[in-house]
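Numbering starts at 1 and runs along the sequence shown.
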Amino acid sequence: MNADGMDVQLVERSSVSSEDPQMLMIAQLAAQRLNEHYPNHWWMIGWAPGMTLVVKHGMGDARYGYTVDAAKAASITQLEQAIIFGGGELLERMNLPRGAWNGVDEPTSYDGAPPR
C-alpha cells in the first residue's frame, strides 16, 4: 500500500518497450486520479503499444473498459481529465454510481453494449 492507502502493483510485464517506463508512470497517475474521484473501486490499468492507456473495472466483464490515447494529450491536465471522464462513463455504463463504491453494489448491465 502506498501513502494514500491504495494498493498499486505491477502485475505483469509482458514486453520490454522504450515507452514502458513512461506508461508505467501514466498508469500510476491514472490509478491515483481514479481512486481520488471514484474511491474503493477495483480499477485495472494497463497499456498497449502506441501509448494507449487501457482501463477496466475489476467487477466488470473483462471485455469492457476504455482507452485513453496518452500521446494525444496536450498536457497532464488534459490527460487527467480524459482518465477521470472515462472512469465516470464506465461506472455509469455498468450502472454503478459515480463516487465511492459501497462494497455491495454489483454491475447490473452494460448500457450501450449488446446483450450477451
What distance do Leu79 atom CG and Lys72 atom NZ have between them, rounded to the nearest 0.5 Å? 13.5 Å
Grab the two heavy atoms, one from Leu34 and one from Gly87, that are nearest each other, plus how far apart they are. CD2-CA, 3.9 Å
Is there a path from Trp101 to Ile45 through hydrophobic residues (I, L, V, M, F, W, Y) whose side chains come within less than 4.5 Å of each other? no
So Tyr38 and Trp43, would you call those rings parallel, tilted or perpendicular, with 30° and 60° as cut-offs? tilted
Run the side chain to side chain donor-acceptor pair (under 3.5 Å) test against Glu89 and tell me which residues pass, sequence neighbours left out. Arg93
Check side chain to side chain donor-acceptor pair (under 3.5 Å) between Tyr66 and all other residues, then give those that pass, not counting sequence neighbours. none
Applying side chain to side chain donor-acceptor pair (under 3.5 Å), name anything that partners Asn102, two or more places apart in sequence or on another chain. Asp105
By side-chain contact (heavy atoms from CB on, under 4.5 Å) - contacts of Gln78 (at least two apart): Ala73, Ala74, Ser75
Taking every non-hydrogen atom, the tightest pair across Asn40 and Ala100: ND2-CB, 4.0 Å
Any heavy-atom pair between the side chains of Leu24 and Gln28 that's under 4.5 Å? yes
All pairs passing salt bridge (Lys or Arg N to Asp or Glu O under 4.0 Å) where residues 74-85 contributes a residue, at least two apart: Arg33-Glu80
Tell me whether Trp47 shares a hydrophobic cluster with Ile76, the cluster being built from Ile, Leu, Val, Met, Phe, Trp, Tyr side chains joined at under 4.5 Å. yes
Side-chain donor-acceptor distances from residues 49-60 under 3.5 Å, at least two apart:
residue	atom	partner	partner atom	Å
Lys56	NZ	Ala62	O	2.5
His57	ND1	Met59	N	3.0
His57	NE2	His41	ND1	2.9

Show every salt bridge (Lys or Arg N to Asp or Glu O under 4.0 Å) that has at least one partner inside residues 45-54, sequence neighbours left out. none
